[in-house]
Engineer: 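I have a structure I would like to understand better, so I am pasting it below and will then ask my questions one at a time.
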Amino acid sequence: MQIYLVGGAVRDKLLGLEVKDHDWVVVGATPDEMLARGFKQVGADFPVFLHPKTNEEYALARTERKEGQGYHGFSVYSAPDVTLEDDLKRRDLTINAMAEDDNGELVDPFNGHEDLENRTLRHVSEAFCEDPLRILRTARFAARLAPKGFTVCPETHALMQRMVSEGELEHLAPERVWQEIQRALHERAPTVFFELLQELGALAPLIPELSAPEPLATGLKALACIDDRAGTTDQRFAALLSALPETAAEQRASAMKAPNNCRDMARLASHFTENLENAGSEGLTAKQIMALLNQADVWRKPERFELLLQTLACTTSQAQRPAIDQLRAAVNAASGVSAKDLMAQGYKGKTLGEAIHRERLTQITQALNH
Ligand code: CTP
């Protein structure tokens with residue numbers, strides 16, 4: 001058997017980037033031979049094995065054949081006669097379809113190195129269409145490598161456009177789409193991901209509310225602002241959806257199977273953004289602030305609230321900065337209110353809850369007047 005380093009590791013080495021994962025392809029072996037060498041098989045469907053010591057993935061060379069629409073519509077064929085080239089040919093982009101043998105020699109039947117030097121994202125073959133998720137992957141690589149000057153070549157752009165117009169994206173499981181979106185949000189230039197998808201007509205089936213020009217432009221502007229900071233996934237996602245009304249943001253997040261923290265941050269960011277923008281130049285009243293703080297559950301989740309405030313700095317206009325500072329000052333002022341002290345004064349049950357509310361409101365009103 002021969003073993004080759006493949007995919008992202010070869011690409012990233014040539015780009016001078018840090019290599020995180022090593023994926024290997026094994027040619028000329030059977031599953032039994034791998035097991036006999038101490039490898040452990042992972043997953044029943046794909047012939048992938050874990051190295052007994054390094055735990056890195058070793059896949060038997062394979063080809064895939066499409067039989068129906070969507071991700072489930074193809075079958076895997078793996079046998080000792082499948083060559084390295086067969087295996088590389090079914091991969092998505094030429095820069096991901098290079099291998100390195102055990103002498104460190106590059107094996108590059110689809111000119112990935114040349115495309116890498118020309119800063120081009122190009123599909124390897126028509127087999128690209130086997131998996132519509134590759135549209136999102138390509139957009140993600142564009143988002144990662146755009147700062148290095150990479151662009152999608154016209155042929156691949158046209159192929160992806162055709163796949164989108166044939167409805168291929170509708171067959172993707174939301175969980176797989178979310179995985180790509182979540183990763184895209186952390187790429188070097190995340191806005192490139194969404195801009196490219198929009199150009200391809202792919203945002204309409206994936207995040208329909210964002211496919212209108214105005215909410216997209218607003219969302220991308222907010223996202224680009226977060227980009228400069230060490231933003232978390234929920235902040236970035238909330239920034240992206242910030243131009244949507246609260247209910248729309250929440251429903252979209254649920255439909256996308258975004259995790260609860262992302263859904264909640266998106267809902268709150270939309271709600272707060274709307275309220276701050278409506279507040280006008282006088283800012284918020286103590287009552288309005290109190291209502292917002294309760295909606296954000298700030299008393300139980302102060303760290304989440306700070307994340308929300310940081311997000312709002314990107315989703316609102318410059319004129320809203322004083323209102324954001326007001327919110328922060330209000331929390332500081334009211335967080336000193338102690339249930340214990342009020343209980344010592346004889347409050348309990350429902351009257352305790354009311355007393356806490358009243359006292360917090362008093363503290364906030366005083367803080368606003370200073
Ligand atoms: N691959 C593919 N089509 C997919 C998923 C993966 O062709 N839908 C191939 C590509 O050759 C890719 C390799 O499998 O390089 C490994 O995939 P993965 O680990 O997901 O991506 P990487 O290229 O390593 O990229 P990243 O840096 O984002 O992990």
Engineer: Any chain of hydrophobic side-chain contacts (each under 4.5 Å) joining F128 to L133?
Structural biologist: yes

Engineer: Would you sort out whether D234 and T232 count as a side chain to side chain donor-acceptor pair (under 3.5 Å), showing the intermediate values?
Structural biologist: CA-CA 6 Å; D234 50 0; T232 55; 2.4 Å; yes

Engineer: Do you see a donor-acceptor pair shorter than 3.5 Å between the side chains of S317 and Q320?
Structural biologist: yes

Engineer: Answer yes or no: are there more than 12 heavy-atom neighbours, outside M343 itself, under 6.0 Å from its atom CE?
Structural biologist: no

Engineer: For the pair D23 (side chain) and G7 (backbone), establish whether a donor and an acceptor sit closer than 3.5 Å, ignoring hydrogens and angles.
Structural biologist: no

Engineer: Show the numbers, then the answer: is there a side-chain contact (heavy atoms from CB on, under 4.5 Å) between R119 and T151?
Structural biologist: CA-CA 6 Å; R119 306 297 194 227; T151 53; over 6 Å; no

Engineer: When you look at S242 and T273, which way does the side chain to side chain donor-acceptor pair (under 3.5 Å) test go after all the steps?
Structural biologist: CA-CA 7 Å; S242 60; T273 304; 5.4 Å; no

Engineer: Identify whether V27 and L5 are in the same connected component of the hydrophobic contact network (ILVMFWY, side-chain heavy atoms under 4.5 Å).
Structural biologist: no

Engineer: Applying a strict under-4.5 Å side-chain criterion to I, L, V, M, F, W and Y, I'd like to know whether L84 and W24 cluster together.
Structural biologist: no

Engineer: Contact between H22 and H51 at the side-chain level, heavy atoms closer than 4.5 Å - yes or no?
Structural biologist: no

Engineer: Tell me if the CZ atom of R37 is crowded by more than 12 foreign heavy atoms within 6.0 Å.
Structural biologist: no

Engineer: Could you tell me whether E354 and R358 make a salt bridge, using a distance below 4.0 angstrom between a side-chain N and a carboxylate O?
Structural biologist: no

Engineer: Before giving the answer on side-chain contact (heavy atoms from CB on, under 4.5 Å), spell out for L293 and R360 the whole-Å C-alpha distance, their side-chain angles and the decisive distance to 0.1 Å.
Structural biologist: CA-CA 11 Å; L293 298 183; R360 282 176 179 157; over 6 Å; no

Engineer: If you group Ile, Leu, Val, Met, Phe, Trp and Tyr by side-chain heavy-atom gaps below 4.5 Å, do L159 and F150 land in one group?
Structural biologist: yes

Engineer: Counting C-beta onward and ignoring hydrogens, is there a side-chain heavy-atom pair between F39 and P31 closer than 4.5 Å?
Structural biologist: no

Engineer: Could you grab the distance from atom NZ of K287 to atom CG of L361, nearest 0.5 Å is fine?
Structural biologist: 7.0 Å

Engineer: Roughly how far, to the nearest 0.5 Å, is CG of L276 from CD of Q288?
Structural biologist: 9.5 Å

Engineer: Under 3.5 Å, is there a donor-acceptor pair between the E359 and Q363 side chains?
Structural biologist: yes

Engineer: Looking at every non-hydrogen atom in both residues, tell me the closest pair between S211 and Q198 and how far apart they are.
Structural biologist: O-NE2, 2.9 Å

Engineer: So, taking the atom named CG in L14 and the one named CD1 in I95, what distance separates them when rounded to the nearest 0.5 Å?
Structural biologist: 10.0 Å

Engineer: Are D297 and R304 ion-paired here, with the side-chain N under 4.0 Å from a carboxylate O?
Structural biologist: no

Engineer: Considering only heavy atoms from C-beta outward, does the side chain of F194 approach that of I207 to under 4.5 Å?
Structural biologist: yes

Engineer: Should V48 and R62 count as side-chain neighbours, where that means a heavy-atom distance under 4.5 Å?
Structural biologist: yes

Engineer: Roughly how far, to the nearest 0.5 Å, is the CD atom of E130 from the CZ atom of R90?
Structural biologist: 8.0 Å

Engineer: Would you sort out whether D264 and K301 count as a salt bridge (Lys or Arg N to Asp or Glu O under 4.0 Å), showing the intermediate values?
Structural biologist: CA-CA 12 Å; D264 293 347; K301 300 178 185 164; 5.3 Å; no

Engineer: If we ignore angles and hydrogens, is there a donor and acceptor under 3.5 Å between the side chains of E214 and T218?
Structural biologist: yes

Engineer: Can you measure from CZ (R134) to OG1 (T156) and round to the nearest 0.5 angstrom?
Structural biologist: 12.0 Å

Engineer: Run the numbers on L352 and L342 for side-chain contact (heavy atoms from CB on, under 4.5 Å), then give the verdict.
Structural biologist: CA-CA 7 Å; L352 175 64; L342 291 166; 3.8 Å; yes

Engineer: Before you tell me yes or no, could you show the steps for R122 and N111 under side-chain contact (heavy atoms from CB on, under 4.5 Å), namely the whole-Å CA-CA distance, both residues' side-chain angles and the distance that decides it to 0.1 Å?
Structural biologist: CA-CA 10 Å; R122 183 194 309 281; N111 301 321; over 6 Å; no

Engineer: Is any side-chain heavy atom of H271 less than 4.5 Å from a side-chain heavy atom of L292?
Structural biologist: yes

Engineer: Please determine if R162 and E126 form a salt bridge, counting it only when a charged side-chain N lies under 4.0 Å from a carboxylate O.
Structural biologist: yes

Engineer: Any chance CZ of R188 has more than 12 other-residue heavy atoms, nucleotides or ligands included, within less than 6.0 Å?
Structural biologist: no

Engineer: Report yes if the side chains of L169 and L172 come closer than 4.5 Å at any heavy-atom pair, otherwise no.
Structural biologist: yes

Engineer: From the options L223, I181, T311, select the one residue that forms a side-chain contact (heavy atoms from CB on, under 4.5 Å) with R236.
Structural biologist: L223

Engineer: Nearest 0.5 angstrom please: E209 CD to R252 CZ, how far?
Structural biologist: 4.0 Å

Engineer: Going only through I, L, V, M, F, W and Y residues with side-chain contacts under 4.5 Å, is there a path from M98 to Y58?
Structural biologist: yes

Engineer: Side-chain contact test, heavy atoms from C-beta onward, threshold under 4.5 Å: evaluate it for L15 versus L116 and give yes or no.
Structural biologist: yes

Engineer: Check whether any side-chain heavy atom of L197 sits under 4.5 Å from a side-chain heavy atom of V164, and report yes or no.
Structural biologist: no

